[in-house]
Each structure stands twice: as structure tokens, then as C-alpha cells.
Amino acid sequence: MQDLQKILVPIDGSPYAYQALDHAITWARAFDATLVLLHVLEDQMFIGSLLDPDEIAEGLPIRRRLEQVETQVAGEGEDARDMVQRQLSVARNVLRSAARDIPAEIGREMYVIIGNPRECIVQATSELQPDLIVMGPRGLSGLKGLLIGSASKYVLHHADAPVLLAR
């Protein structure tokens, strides 16, 4: 098996995401790997006059996408800026909450991006180059009874890294 240096863990706040994080922590300990936590704010949170999801450049590196969103809403008024800041704050809190479960000896990186979750996870894989993706079989929007959610299935088939679906 190849050496694992970086493990990507999409975190949406669902129980499945936290189960995946538990598995990722085990792998990170075994291989002395860094955990990369990723939270995706869905486009739908920004629909309307505030933000046009099509204006968020799909090819833009994830580190710059949030800057672009903040620039776009700068001229939309105080209420729009406050709403975006609240959404980003919630996203950051989801990541911070997940990070508390990570032992201090394990390295970590955290990212929040905006877009379609499944596409953003695949894009993050290309940009961040993890050696493994560990994610739940479905997330917050997963329908009960489905063995695998649409985002998990999409990532499984499109990501450039091995995917471990943890239950």
C-alpha cells in the first residue's frame, strides 16, 4: 500500500461525516498523515439577488473562491454581508467542532468552499492532492434507505484519489 500523507475528509455535520472522521483519524495515526477537513456551503444558500452561483468561477482555486464571494457581496449592502458572514461562521464552526475530535499529534488543515458539494469535493481532490478521501456513505441530504448518497457516488466515480466510504 502506498504511503498516506494527506487524507481528505468532507464534513457536513452529519453523523456519517463524524463516523468517517473517526475512521480517518485511525488511518492518520497509522500513517502519520495530515487530515484535511472540507466543508462545502451549497450554492442554494446564496440564491437570489445576493449571489449568482454561476458567477462563482468553477475553475478558481478553492483558496480564492471565498475571497471572490466576499468581494461580490461587498456592494450588496450590510444585510447581505451579514448573511454571508453568518453562513461562513456556521461553516467554520462545523469544522472547528470536527477538529476538536482530532488528537493534537495529528496535523490538520481546514477549508470552507461554496458550490455543489460533490463537484467541490472532486475539485478539492485535484487541488489539494490527498492520498485518500474518507467520507460517509451519505450526508445531511441523504435519504433513508439509500445505501450510498449521490455525492458519495459521484466522488467515488470522479475523484482522482481512492475513496473509503465509512459507516
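Here the structure is a predicted model, which means the values were calculated and not measured. All residue numbers refer to positions in the sequence shown, counting from 1.
Considering only heavy atoms from C-beta on, Phe31 stays 4.5 Å or farther from Leu132 through its side chain. A heavy-atom distance below 4.5 Å is not found between the side chains of Leu37 and Tyr111. Taking 4.5 Å as the limit, some side-chain heavy atom of Ile133 sits within range of a side-chain heavy atom of Val155. Side-chain atoms of Ile121 and Leu38, non-hydrogen and from C-beta on, do get closer than 4.5 Å to each other. Contact of the Arg92 side chain with the Val112 side chain is registered, since non-hydrogen atoms from C-beta on lie closer than 4.5 Å. Within the 4.5 Å cutoff, the side chain of Ile7 has no heavy atoms near those of the Pro130 side chain.
Across Ile102 and Arg108, no two heavy atoms sit closer than the pair O-NH2, 3.4 Å. Shortest non-hydrogen contact noted between His157 and Lys153 is CD2-O, 3.0 Å. The two residues Val40 and Gly115 come nearest to each other via the heavy atoms CG1-O, 3.5 Å. A pairwise comparison of heavy atoms in Ala17 and Pro10 identifies CB-O, 3.9 Å as the closest pair. In terms of heavy atoms, Leu95 sits closest to Ile11 at CD2-CB, 4.2 Å. The shortest non-hydrogen separation linking Val122 to Ala159 is CG2-N, 4.2 Å.
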Derivation of the side-chain contact (heavy atoms from CB on, under 4.5 Å) call for Leu35 and Leu21: CA-CA 9 Å; Leu35 293 177; Leu21 179 59; 4.1 Å; yes
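Annotation: side chain to side chain contact (heavy atoms under 4.5 Å, CB included) contacts of Gln129 (sequence neighbours excluded): none. Partners of Thr26 under the side chain to side chain contact (heavy atoms under 4.5 Å, CB included) rule, at least two apart in sequence or in another chain, do not exist in this structure. Take Arg29 and apply the side chain to side chain contact (heavy atoms under 4.5 Å, CB included) test, not counting sequence neighbours, and it matches Ile25, Pro103, Glu105, Ile106.
The distance from atom NE2 of His158 to atom CD of Glu119, rounded to the nearest 0.5 Å, is 9.0 Å. Atom CZ of Arg96 and atom NE2 of His39 lie 12.5 Å apart (nearest 0.5 Å). Atoms OG1 and CD, from Thr34 and Glu109 in turn, are 6.0 Å apart once rounded to the nearest 0.5 Å. Once rounded to the nearest 0.5 Å, the distance linking CG of Leu156 with OG of Ser152 reads 8.0 Å. If you take CE on Met135 and CG on Leu165, they are separated by 6.5 Å, rounding to the nearest 0.5 Å.
Listed for the Lys6 side chain is no donor-acceptor partner under 3.5 Å among the backbone atoms of Ala33.
Side-chain atoms of Gln123 and Glu127 form a donor-acceptor pair, as typed in the model, at a separation below 3.5 Å.
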